[in-house]
There are 2 protein chains.
Amino acid sequence: MKGKIFIIEDETSIIQLVQHNLEKEGFVVSSSTNGNDGLKELKKFEPNLLLLDWMLPDLSGIDVCKSIRRDKNYKNLPIIMLTAKGEEEDKVKGLESGVDDYITKPFGFNELMARIKALLRRSDPKTVSDDLIFEDLKLDRTERRVFRDNNEIHLGPTEFRLLEFFLLNPKRVFSRDQILESVWPNNINVESRTIDVHIRRLRQSINLSGKKELVRTVRSAGYSLS
Amino acid sequence: MKGKIFIIEDETSIIQLVQHNLEKEGFVVSSSTNGNDGLKELKKFEPNLLLLDWMLPDLSGIDVCKSIRRDKNYKNLPIIMLTAKGEEEDKVKGLESGVDDYITKPFGFNELMARIKALLRRSDPKTVSDDLIFEDLKLDRTERRVFRDNNEIHLGPTEFRLLEFFLLNPKRVFSRDQILESVWPNNINVESRTIDVHIRRLRQSINLSGKKELVRTVRSAGYSLS
DNA sequence: TTTTAATGTTACAGAATTGTTACAAACTAA
DNA sequence: TTAGTTTGTAACAATTCTGTAACATTAAAA
């Protein structure tokens, strides 16, 4: 899953939660906490989808929405409005101003994800893909397959999760602790050296002969994909 | 069941519900939320059938319908009009403008499906086929028969539903929980290992000697058709 | 250079997952 | 009813995966 998502929402706790989870899914995320800044930054960011709060400090979500629709470059930008309970009666106003979908706070992340996918699939099917790609390496999450240079590669469950993790944040260096927390199931205790062994296994699997090394060791810091 | 269906309807919640279910049935679906856009996109999409809301933000459903009938390429496009309660008295107008059938909101999906099938069968019988096909495997839902390479295969009820489920989402990997939820009747409790046994039975039935394995095991994730 | 710390590599036992079989209970059709 | 199917589960077999220890190699520090 790729694509860019912009958030205009004044509660920073919600932004953080949503942003973190969306990034884990592979989206690029940016945000503003008020309407006027949001309108400006949104045009720089060029998102594939907008999450828009109903109540903002300066403008209302509806004002923002109308303003966006006036710009012909954003006539078709999918917009999901975030509403609190009790604001639901005004849905009609929202639909008239050009909102594509609603979600009522508090919402679960899975519900939000489903609506985002549905909208993106409609507006721009290419962005809805669970494929993670880095150079000639491809990981297909729905089919659970991995390819290097179009040759399928078999990975064990842990190697698969490990590679998935690196692909979600390519080039970034992660410490062994970070890798443990993100790749291993919660509340499990394994030696830090165990990671080294899995890295070795992953390297061995994805390194077709003649192809360059993709997993980089950063001495005394950790590993990264590069 | 195959074929393309276009929806013109301003309530996105209805679109999503209908679209999702139609896609599960094998249709390709596209939609617009207003009449003018709908008329344009419809001609690009070339649907086999149109679901048309009675009340739209810009044009009325009747206007849209008349406009479509004026185009000689769409003289015979089957159109089902979606009406809310209370709009029923005007059915005559609709019939005169060229609508083929009506359904009153709120409607159940089964009712809608039945009317769609009936209309398609009338206008273009080829599109009404309940066959699910994957490579040399064919499942005929109306006759409840399964063929591998044109040889009929006998499956028990559970194996049949299991295969049907995989055929609706070929290649995608499903966890045992997802399979349980989708294939077994609601509120039933069976061991997760039971699935493994049914997978084994299904494999045994559809694997003609010399033919390649179609059910893939993805360790620690589930199974898929591939 | 020597020393020290970090990482690479290998092998292996036990853990976890899946495949296979058999069987009793539930269900169906005649 | 009875004979034949189908279903869920348990038990065991086969396979794959995982974590660790032990030793080898490499890079940095002294």
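Note that this is a predicted model, so its numbers are computed, not measured. Letters go in sequence order (proteins before strands), and every chain restarts at 1.
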(request) By nearest nucleotide on DNA chain D, pick out whichever of A:E191 and B:V197 is the more 5' one. (result) B:V197
(request) Could you please spell out the steps behind the side-chain contact (heavy atoms from CB on, under 4.5 Å) verdict for B:I8 and B:S31? (result) CA-CA 6 Å; B:I8 305 180; B:S31 62; over 6 Å; no
(message) Does A:R201 reach a base, just sugar-phosphate, or nothing at all? Heavy atoms under 4.0 Å.
(response) base
(request) Take the angle between the ring planes of A:H198 and A:W184 and call it parallel below 30°, perpendicular above 60°, tilted in between. (result) perpendicular
(message) Quick check for you: among C:dG8, D:dC17, D:dT7, whose closest atom lies nearest to any side-chain atom of A:R193?
(response) C:dG8
(message) I want to confirm an ordering. Mapping B:I195 and B:L155 to their closest nucleotides on DNA chain D, which one lands closer to the 5' end?
(response) B:L155
(message) Would A:R216 pass as a cation-pi partner of A:Y223, given that its NZ or CZ must be under 6.0 Å from the six-membered ring centre and within 45 degrees of the axis?
(response) no
(request) Specify the separation, in whole Å, of atom CH2 of B:W184 and atom P of D:dT6. (result) 15 Å
(request) Return the 5'-most residue of the pair B:D196, A:Q204 with respect to DNA chain C, ranking by each residue's nearest nucleotide. (result) A:Q204
(message) If I take atom OG from residue A:S32 and atom CG from residue A:D53, how far apart are they, to the nearest 0.5 angstrom?
(response) 12.5 Å
(request) Output the residues of residues 214-221 of chain B in contact with DNA chain D, where contact means a heavy atom of the residue under 4.0 Å from an atom of the strand; sort by number or write none. (result) B:R219
(request) State, yes or no, whether a side-chain contact exists between A:R115 and A:L119 at a heavy-atom distance under 4.5 Å. (result) no
(message) Can you tell me which nucleotide in C:dG19, C:dT7, C:dT18 comes closest to the side chain of B:R203?
(response) C:dG19
(request) Measure up the B:F6 and B:F45 rings against each other and bin them: parallel (under 30°), tilted (30 to 60°), perpendicular (over 60°). (result) tilted
(request) Please state how far atom CD1 in B:I188 lies from atom P in D:dG8, giving the value in whole angstrom units. (result) 6 Å
(message) From C-beta outward on A:H198, which listed nucleotide comes closest to its side chain: C:dT21, D:dT9, D:dT18?
(response) D:dT18
(request) Mind calculating the distance between CG (B:L162) and C1' (D:dT7) to the nearest angstrom? (result) 13 Å
(message) Tell me the interatomic distance from B:N207, atom CG, to C:dT20, atom P, rounded to whole angstroms.
(response) 10 Å
(request) Please determine, for the side chain of A:V190, which listed nucleotide (D:dT20, C:dT7, D:dT6) has the closest atom? (result) D:dT20
(request) Describe the nucleic acid contact of B:T158 in one word from base, sugar-phosphate, nothing, applying a heavy-atom distance below 4.0 Å. (result) sugar-phosphate
(request) Check the distance between D:dT6's C1' and B:H154's NE2 and give it to me in whole angstrom. (result) 9 Å
(request) Measure the distance from CZ on A:R176 to P on D:dG19 and round it to the nearest whole Å. (result) 15 Å
(request) Would you kindly give the OH-to-P distance between A:Y223 and C:dA6, to the nearest whole Å? (result) 12 Å
(message) With rounding to the nearest 0.5 angstrom, report the CG to CZ distance, B:L137 to B:R148.
(response) 6.0 Å
(message) Rounded to whole Å, please give me the gap between CG in A:L202 and P in C:dT9.
(response) 13 Å
